[in-house]
There are 2 protein chains.
Amino acid sequence: MRQGGPPRASRVDDVNARSTASLVGDTGRGNEAAILNAALAAFGDKGFHGASMRDVARGAGTSLSNLYNYFPSKSRLLAEVLRHANDELVTRLHVAVDDAGDDAVSRMREAVRAYVRFVVDHQLAMVVSTNEVRYLAGEDRERLVVDRDATQAVFEQIVEQGVASGEFRTPFPADAARTVLSALAGVAQWYRPDGRLSRGQLAEQQARYALALLESPLAR
Amino acid sequence: MRQGGPPRASRVDDVNARSTASLVGDTGRGNEAAILNAALAAFGDKGFHGASMRDVARGAGTSLSNLYNYFPSKSRLLAEVLRHANDELVTRLHVAVDDAGDDAVSRMREAVRAYVRFVVDHQLAMVVSTNEVRYLAGEDRERLVVDRDATQAVFEQIVEQGVASGEFRTPFPADAARTVLSALAGVAQWYRPDGRLSRGQLAEQQARYALALLESPLAR
DNA sequence: CGCACACGAACGACTGTTCGTGTGCCAATC
DNA sequence: GATTGGCACACGAACAGTCGTTCGTGTGCG
């Protein structure tokens, strides 16, 4: 799925600190990481069409033409940014779910927590992911849709498990999972680091909302 | 709040039919309605920065320069589109809530139903509203934020009423209301007219999710 | 040598906006 | 009733700037 380069670190466990973490770590290719992070910042700030390649170059501290030594076009650059963001999210989700208990309530709670933590840590990536995906075309778009379905599948599967075990009573598990994800994606749109709730409190709150929405009888 | 021109029709009761209703009816000013609707279509299709004034003119069946006889700039055109969309939504919400019973559960259910119906009837308007607001600046932006707060206030008030009366048990009513709204706004992002659920079923389903999220003990 | 990375300059296309002009309708004036 | 003025609406052409992308060239390392 991913081509060469050293593995991207996605350590979910060193969970504290850094309010502004860069999404993409060193890739082993010159300025690639700086370009990707600058593109994320530019697209997040002005939107895909509102940001120019010159903006990206300036943010990355390199020249305009040099961008094309790394990415063949602006839309491929967007695609790569979104792929990095989605990879990080999916990785965090799987780690969180695998580390959770066997019951659906625990797994859902951990999944929501991990999602919220991702939103807080990489809000810009989340905003770009939801707002700019539609500007992708062709196979870049299709691959992203597939990858996004993987996220949805994690939640769907947990809901189905919970419905089967009686932990959740919601009908139409797939629709309920999608609604939970909509609420979570919405967090990225209004979250502010100086808000009333801490990262942990926000995650806890969203987990409660999700479990309530799924009609978990014994959810606290 | 609104300046001149004949009142816009917003009849919530003739609830059937038209899968593609135009958001803006005749305004009494030449081609204004056609321009606004074309702008909505263009911004919805390509995004604010991706769509050009020439696209809007083509869609409205008029000339590029004529647009400036109606709107002084592209961003003011966006602002007017968003204002029409928000006015329609707020009107529908107030009508629905006023027509509902006195208890919070009924009022919330009707508010959610009205919201979903708006999303279905004017999906493009909803998508543009959520995705392109951030490109507004100055007082256009501020006015839109105020108007959007009015929508949130409707939901917040119902949640608070329900918490006070014991119909809802969720803590932090304002946060819960915002989460419900996030889920509803999300509907506009994935809804397809040829989907499995009818408009009414979708509204019903979202109402159930909302009431469950608010921890309504006797919600069905 | 070749390859990865870096740069400035330039291209043609497209951008939002303005300008000058023209039309036809409605009300005021002769 | 005819003439006038003004206003709302409409158009093509043009402007100055920005866009994504390409080209040619250069450097330094393996």
Distance check needed: [N] [atom2] versus [X] [atom1], whole Å only.
| X | N | atom1 | atom2 | value |
| --- | --- | --- | --- | --- |
| L67(B) | dT18(C) | CG | P | 13 Å |
| I35(A) | dA6(C) | CD1 | C1' | 10 Å |
| Y68(A) | dG20(D) | OH | C1' | 4 Å |
| R58(A) | dT18(D) | CZ | C1' | 12 Å |
| N66(B) | dT23(C) | CG | C1' | 12 Å |
| R29(A) | dA4(C) | CZ | C1' | 8 Å |
| F71(A) | dG20(D) | CZ | P | 15 Å |
| K74(A) | dT18(D) | NZ | C1' | 11 Å |

Ignoring hydrogens, what is the shortest heavy-atom contact between L197(B) and Q205(B)? Give both atom names and the distance.
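Looking at all heavy atoms of both residues, the closest pair is CD2-OE1, 3.5 Å.
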For A57(A), answer base if it contacts any base atom (sugar-phosphate contacts may also be present), sugar-phosphate if it contacts only those atoms, and nothing otherwise; contact means non-hydrogen atoms under 4.0 Å.
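If one applies the 4.0 Å heavy-atom cut-off, A57(A) turns out to touch nothing in the nucleic acid.
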Quick one: is [X] getting a side-chain N or O under 4.0 Å of the [N] phosphate, OP1 or OP2?
| X | N | result |
| --- | --- | --- |
| Y70(B) | dA8(D) | no |
| S65(A) | dG8(C) | no |
| R54(A) | dT18(D) | no |
| S52(A) | dC19(D) | yes |
| N31(A) | dA6(C) | yes |

Between S73(A) and L64(B), which is nearer to the 5' end of DNA chain D once each is assigned its nearest nucleotide?
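It is L64(B) whose nearest nucleotide is closer to the 5' end.
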Could you walk me through whether Q161(A) and R107(A) satisfy the side chain to side chain donor-acceptor pair (under 3.5 Å) test, starting with their C-alpha distance in whole Å, then the side-chain angles of each, then the deciding distance to 0.1 Å, before giving a yes or no?
CA-CA 10 Å; Q161(A) 174 197 342; R107(A) 287 158 72 87; 3.2 Å; yes
With no angle test and no hydrogens, is the base of dG12(D) tied to the side chain of S63(B) by a donor-acceptor pair under 3.5 Å?
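Under the 3.5 Å cut-off, the side chain and the base do not form any donor-acceptor pair.
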Classify the side chain of N69(B) and the base of dA10(D) as holding, or not holding, a donor-acceptor pair under 3.5 Å.
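Answer is yes: a donor-acceptor pair is held.
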Side chain proximity check, L77(A) to M53(A), heavy atoms < 4.5 angstrom:
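Yes. Closest side-chain heavy atoms under 4.5 Å.
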Evaluate the side-chain proximity of H49(B) to E132(B): yes if any heavy-atom separation is below 4.5 Å, no if none is.
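No; the side chains remain at least 4.5 Å from each other.
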Spell out, as yes or no, whether a donor-acceptor pair under 3.5 Å connects the side chain of E110(A) to the backbone of A96(A).
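Side chain of E110(A) to backbone of A96(A): no pair is present.
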